[in-house]
Number of protein chains: 2
Amino acid sequence: MSMNNNYELYKVFYWAAKTGSLTQAARALYLTQPSVSYAIKQLEDSFGITLFYRNSKGVSLTQEGAVLYSYIEQSQILISLAEEKMVALKNLDSGELRIGGSDSLFKHYLLPYLEDFHQQHPGIKLYLNHGTTPEIIAYLKEGTIDLGVVRMPIADPLLEVRESIQLQDCFVAGGRYAKLKDAVLSLDMLLQYPVILFSRNSRARMAITELFQSYGYLLKPEIEVGSVDLLIEFARKGLGISYVTREFVAKELEEGSLFEVQLDVELPPAHVGIMIMRNMPLSTAASKFMKLVE
Amino acid sequence: MSMNNNYELYKVFYWAAKTGSLTQAARALYLTQPSVSYAIKQLEDSFGITLFYRNSKGVSLTQEGAVLYSYIEQSQILISLAEEKMVALKNLDSGELRIGGSDSLFKHYLLPYLEDFHQQHPGIKLYLNHGTTPEIIAYLKEGTIDLGVVRMPIADPLLEVRESIQLQDCFVAGGRYAKLKDAVLSLDMLLQYPVILFSRNSRARMAITELFQSYGYLLKPEIEVGSVDLLIEFARKGLGISYVTREFVAKELEEGSLFEVQLDVELPPAHVGIMIMRNMPLSTAASKFMKLVE
DNA sequence: AGGAGCTATAGACTGTGTCTATGAACAATA
DNA sequence: TATTGTTCATAGACACAGTCTATAGCTCCT
């Protein structure tokens, strides 16, 4: 009558109808037979409708019981699927991981971790979202990505930033400037050469510009490019001296197609930070990935 | 972790997700906010997964919470539909009523009740199943019909029979035998005339044959037909004297197209019984119909 | 007749899901 | 920067709903 049913009763009803036996339903639900009997009675009383015929070999649905079952069966199946799905999400057999960052960080820093993670959890879909630092922060705040990988420092009260590895930016040149290989340049000497920098809105660009400024110099690039690859490529071709992250040109430095230009001042180190939303729980996949990186 | 959830928790989850607020969910469920908070926490703990982001203006689903919701929403909608349907069944706004009986009983006895019932409950589908008494009993036992309307007596321990109206069978003839109108015949006198009987397996036929037998006569029909309508039609056309239920030829007797042949013995009355399965609950529609007939 | 199923009922107990009261965090006012 | 009104979380107390065990009644089968 009251129609304010405990949904638990439907679970009992489902198993009673499915097995055709209150005793078997009790076994399936880890209950005793009287409990099941009681639950079914409750459900019947609440509707004012008899749902089962009771006979000596079990129970069978009445006309009305069969109607109810046609709905409840679907409903219970959905719940079972939901529970399976949640286990899968928990076990990282399924789900998604959405990361924001710059192309270069993806390629030179995150790639090995991503490969590792993907191998461990092939069921997790990876979404890599690249953009500038402000864009990444915006994505994070609107929930489009789970975490962002950017250069420090980040000072946003809504964000929690975990410092990761330290990178060292430096100036590199190719064979055309081989004479500089063993020299130690001052900043103003460097400015005699064409400099290639990353585009204006990058944090590395801002950092080095400020450094020159603090010594009273104006750093004005000859060439400005939009990707680390081009930065490397142009330096190798001898178009100028590129300001890049040393770790990102490790291969080129080793094989000798690029060499580092020594300076008489120390360049500031760059820290990579992993940003997440403060006070917001991470998805299982995201927190697992964070652990992997640490 | 345990995955042995009380399904009641999903109801709470559904409303929390739907309204985006634990407080509003509590209102919808007639609970207090802490109860809802507790329920959600339980669900989250059981999965080991955070389902909601909590912020100062309510809650919103996490990635995983949204996955869960996509399943649970459907499930809850189905349950709501089921509950609505049960109310409809209870109120007889929907459902079905399946009755077994002979054509003649449907037409001459049940019809007014059926019309009445259908007018009161237009949502109930009527299924009329005609057959012989043993067939009706079989239908009843296999659950194909809710109740059967047959002639008494019925002696089956599995059946419960409620006696309804009493019918009186009699012999009727048409104009060609007008000379018998005021006569009172004995059984052997009647046997001088062609007799028209209903088919062998009918209970009325069996009853009258036995009566003749008890007086030492053999009743052998000239014509044997399969419907009451034909019984009437043949008598009117003068093909013989028909044995029919008086109540079923009331119209013909009144308009004078048939008259009753008086006998010097009393013919046994026939009782109509409504059969249902003993110890089996009736559907709401069926029990309502039973009341209507009484 | 006896036994082995099934479901229903009675009575006792436990623990879960309630409640109230309060705290803490945040947002939107003044 | 207080003030007020939201939100959700937590603590502690309590009642009763949903369990259990034990038993009875019924039907079917050997």
Side-chain angles (χ1 to χ4, degrees), chain A residues 1-2 4-46 50-62 65 141 156-160 277-281, chain B residues 1-2 4-46 50-62 65 141 156-160 277-281:
Chain A
M1 227 23 152
S2 65
N4 204 359
N5 273 334
N6 189 315
Y7 282 18
E8 197 69 358
L9 297 180
Y10 293 121
K11 183 159 63 181
V12 180
F13 169 77
Y14 172 65
W15 283 98
K18 190 180 176 183
T19 61
S21 152
L22 303 194
T23 306
Q24 277 188 258
R27 259 195 282 278
L29 294 163
Y30 302 101
L31 290 176
T32 58
Q33 170 267 316
S35 299
V36 172
S37 195
Y38 175 72
I40 297 298
K41 192 173 164 46
Q42 262 200 317
L43 200 58
E44 289 183 326
D45 289 350
S46 79
T50 306
L51 299 170
F52 287 103
Y53 297 119
R54 278 78 163 170
N55 50 53
S56 66
K57 35 183 42 173
V59 295
S60 59
L61 289 166
T62 61
K141 287 183 179 172
D156 190 309
L158 287 176
L159 299 180
E160 185 181 328
M277 289 293 286
R278 184 181 300 281
N279 296 332
M280 285 261 180
Chain B
M1 225 25 152
S2 66
N4 204 0
N5 273 334
N6 190 317
Y7 281 18
E8 197 69 359
L9 297 180
Y10 293 121
K11 182 160 63 181
V12 180
F13 169 78
Y14 171 66
W15 282 98
K18 190 180 176 183
T19 61
S21 153
L22 303 196
T23 307
Q24 277 189 258
R27 258 194 282 280
L29 294 163
Y30 301 101
L31 290 175
T32 58
Q33 171 268 316
S35 299
V36 172
S37 195
Y38 174 73
I40 297 298
K41 192 173 163 48
Q42 262 201 318
L43 200 58
E44 288 182 328
D45 289 350
S46 79
T50 306
L51 300 171
F52 287 103
Y53 297 119
R54 276 82 162 167
N55 50 52
S56 65
K57 35 183 40 176
V59 295
S60 59
L61 288 166
T62 62
K141 287 183 179 171
D156 191 309
L158 287 177
L159 300 181
E160 185 181 327
M277 289 293 286
R278 183 182 301 281
N279 297 331
M280 286 261 179

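The figures here come from the full heavy-atom set of this structure, side chains too, leaving out hydrogens, waters and symmetry mates. Numbered from 1 within each chain, the chains take letters A, B, ... in sequence-line order.
Under the rule for a ring pair (Phe, Tyr, Trp, His ring centres under 6.0 Å), the partners of A/Phe13 that lie at least two apart in sequence or sit in another chain are A/Phe52. For A/Thr32, the side chain to side chain donor-acceptor pair (under 3.5 Å) partners two or more places apart in sequence, or in a different chain, are A/Ser35. Partners of A/Glu44 according to the side chain to side chain donor-acceptor pair (under 3.5 Å) rule, which considers only residues two or more places apart in sequence or in another chain, are A/Arg54. Listed by chain and residue number, nothing satisfies the ring pair (Phe, Tyr, Trp, His ring centres under 6.0 Å) test with B/Tyr38 (two or more places apart in sequence, or in another chain). Residues that satisfy the side-chain contact (heavy atoms from CB on, under 4.5 Å) test with B/Ala25, not counting sequence neighbours, are B/Trp15, B/Ala16, B/Thr19, B/Val36.
Listed here is the closest heavy atom pair of B/Asn55 and B/Val59: OD1-N, 4.4 Å. Residues A/Thr50 and A/Thr62 come closest through the heavy atom pair O-OG1, 2.8 Å.
A/Lys11 places its NZ atom 13 Å from the C1' atom of D/dG18, with the value rounded to the nearest Å. Protein atom CG of A/Leu51 is 15 Å distant from nucleotide atom P of C/dT7, rounded to whole Å. Remark: C1' of D/dA17 and OH of B/Tyr7 are 20 Å apart, rounded to the nearest angstrom. The distance from atom CD of B/Gln24 to atom P of D/dT7 is 8 Å, rounded to the nearest whole Å. For A/Met277 and C/dC26, the CE to C1' distance is 14 Å, given to the nearest whole Å. The interatomic distance linking A/Leu29 (CG) with D/dG18 (P) rounds to 14 Å, in whole Å. One can place CG of A/Leu22 at 14 Å from C1' of D/dC26, the figure rounded to the nearest angstrom.
Phosphate contact (OP1/OP2 of D/dC8, side-chain N/O of B/Ser21, threshold under 4.0 Å): present. In this structure, A/Arg54 reaches the C/dA8 phosphate: one of its side-chain N or O atoms is under 4.0 Å from OP1 or OP2.
Rounded to the nearest 0.5 angstrom, B/Leu31 CG and B/Leu22 CG are separated by 11.5 Å.
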- Task: Produce a footprint string for nucleotides 9-22 of chain C: one letter per nucleotide, 5' end first; B if the base is under 4.0 Å from any protein heavy atom, S if only the sugar-phosphate is, - if neither.
- Result: B-------BBBBB-

Show the distances under 3.5 angstrom between N or O atoms of the protein and N or O atoms of nucleotides 13-16 of chain D.
none

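Summary of helix geometry: the two end axes of the helix from C/dA1-D/dT30 to C/dA30-D/dT1, each defined by five base pairs via their C1' atoms, are inclined to each other by 30° (rounded to 10°).
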